[in-house]
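Scroll down for the structure; my scribbles are underneath it.
Proteins get letters first, then strands, A, B, ... in listed order; numbering begins at 1 in each. Worth saying up front: this structure is predicted, and the values here are computed from it rather than measured.
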Number of protein chains: 4
Amino acid sequence: MSPKLDVDAFNTIVREELPFAHAVGITALSLSATGAVVLLPFDDQHLRPGGTISGPSIFCLADVCMYAAVLAALGPVKQAVTTNLTIDFLRRPEPGPLTAEGTILKLGRRLAVIRVDVLDASRILVAHATGTYSIPTARG
Amino acid sequence: MSPKLDVDAFNTIVREELPFAHAVGITALSLSATGAVVLLPFDDQHLRPGGTISGPSIFCLADVCMYAAVLAALGPVKQAVTTNLTIDFLRRPEPGPLTAEGTILKLGRRLAVIRVDVLDASRILVAHATGTYSIPTARG
Amino acid sequence: MSPKLDVDAFNTIVREELPFAHAVGITALSLSATGAVVLLPFDDQHLRPGGTISGPSIFCLADVCMYAAVLAALGPVKQAVTTNLTIDFLRRPEPGPLTAEGTILKLGRRLAVIRVDVLDASRILVAHATGTYSIPTARG
Amino acid sequence: MSPKLDVDAFNTIVREELPFAHAVGITALSLSATGAVVLLPFDDQHLRPGGTISGPSIFCLADVCMYAAVLAALGPVKQAVTTNLTIDFLRRPEPGPLTAEGTILKLGRRLAVIRVDVLDASRILVAHATGTYSIPTARG
């Protein structure tokens with residue numbers, strides 16, 4: 001099954017409508033009918049004391065990955081919104097790019113649940129997130 | 001009981017060591033021994049489809065508020081890190097400044113747990129977060 | 001505003017339809033239009049290594065408290081179900097009864113979000129939970 | 001790498017020290033150095049309105065699965081305790097036995113993070129949980 005939105009179309013949405021994500025260089029690498037892979041390039045701006053990447057930067061990556069997975073599964077339901085997100089920060093990532101790999105756990109009529117693994121450049125798991133998106137009734 | 005770090009000292013940390021938070025204008029308004037109040041000024045950059053403030057911007061505010069509460073309670077343990085954060089997005093805030101009010105629920109030797117109410121300019125509760133910070137053994 | 005379900009009606013639901021909660025003696029103490037107070041009496045069966053009350057027993061109390069708050073706000077929508085629940089265990093409670101105090105944070109058309117403080121007999125906060133209930137479309 | 005606690009030893013702990021879990025028939029099926037598989041047999045006592053298995057019963061299964069994974073990885077650190085647990089209920093399971101498959105995401109000196117998939121008898125994913133255990137300093 002192919003995704004209902006392709007990578008280029010998603011990255012256009014990031015560029016035009018998610019300024020906070022575009023500003024830090026987030027881009028989707030691949031979308032499928034059941035998931036998404038999204039990249040956060042390295043930038044000094046993400047650092048925090050300890051020389052590691054800040055929690056909010058990792059959260060932003062995980063949340064955009066979930067949004068990509070939902071839009072890939074349903075088409076451009078741009079008004080889908082996060083209702084709940086839980087993130088565990090497991091290890092302090094080395095400075096470098098991070099990749100988020102999202103998998104849809106549930107795709108209901110009203111809610112989607114997605115889990116995301118965040119990996120550093122050595123493919124070490126640095127964070128794990130689970131989130132719920134509310135799907136607007138009138139899709140479009 | 002007075003806080004172990006004052007607002008000016010915390011805002012200096014934001015300015016010098018939390019570039020991702022400083023870039024969006026986050027500043028603490030008040031600190032006490034048991035909590036903190038932190039402001040996110042309005043900026044178009046935080047918007048997302050639907051004309052509302054993005055989840056990652058709200059997460060960033062909530063996380064910095066928890067960090068402020070921990071440093072106010074313990075002094076400048078700058079290497080304290082979030083281990084877990086759960087956030088519920090309750091209502092789409094109107095465009096405008098947001099305020100986060102954090103309260104320490106537990107202050108242990110190794111872990112602190114903080115809850116945060118995020119209010120919009122009309123003092124409507126728009127998000128609620130709970131998080132755990134790991135406290136470094138050697139404080140300083 | 002008075003609740004749409006009274007304490008006796010809720011406790012009848014517990015007794016007749018929530019056998020896992022009735023078995024451990026959970027009962028609502030009070031319901032209001034915006035919250036609920038629910039009791040878990042002490043029983044050796046709830047203990048775990050360390051002589052403290054088990055996490056699952058506290059979770060059960062918190063979840064029933066959320067259910068009580070939702071039914072008090074909406075009437076007997078018995079098929080309302082938890083979609084997500086996060087619980088932080090803050091302190092090991094002394095053996096004794098526990099009380100859960102639930103407050104509705106959001107009451108939407110499709111989702112309700114509730115937070116719960118769990119207190120021990122000395123009114124020390126021992127756990128904090130936040131949960132989301134999905135509200136069935138056809139209420140009854 | 002073999003687990004530091006075997007299934008029989010874990011099930012003895014359940015029987016002798018986790019009365020709330022033993023009462024509902026929870027038993028571990030397998031333990032490894034990095035995870036655990038735990039069973040909740042079907043019992044009418046777990047039902048709730050809608051004829052489905054109650055959230056607290058599923059939480060109890062997930063939590064015991066995390067405890068099994070931690071003890072399998074570290075040996076019988078019986079006083080390890082849950083500090084935080086988040087659970088998403090994805091689908092209403094059919095009445096029948098449930099299996100929890102736990103995987104350790106992080107094993108630190110002070111904290112372990114575990115994720116759990118809960119499957120019904122048809123191996124449909126019905127719930128997903130992530131939790132943190134605090135590891136006592138003096139292990140034994």
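Between atom OG1 of residue B:T83 and atom CG of residue D:N84 there is a gap of 7.5 Å, rounded to the nearest 0.5 Å.
Between B:T86 and D:T86 there is a side-chain heavy-atom pair separated by less than 4.5 Å.
Across every non-hydrogen atom of B:I135 and D:R110, the tightest pair is O-NH2, 2.9 Å.
For D:K106, the NZ atom sits in a packed shell: over 12 heavy atoms of surrounding residues, nucleotides or ligands are nearer than 6.0 Å. Taking a 6.0 Å sphere around CD of B:E101, one finds it holds more than 12 heavy atoms contributed by other residues, nucleotides or ligands.
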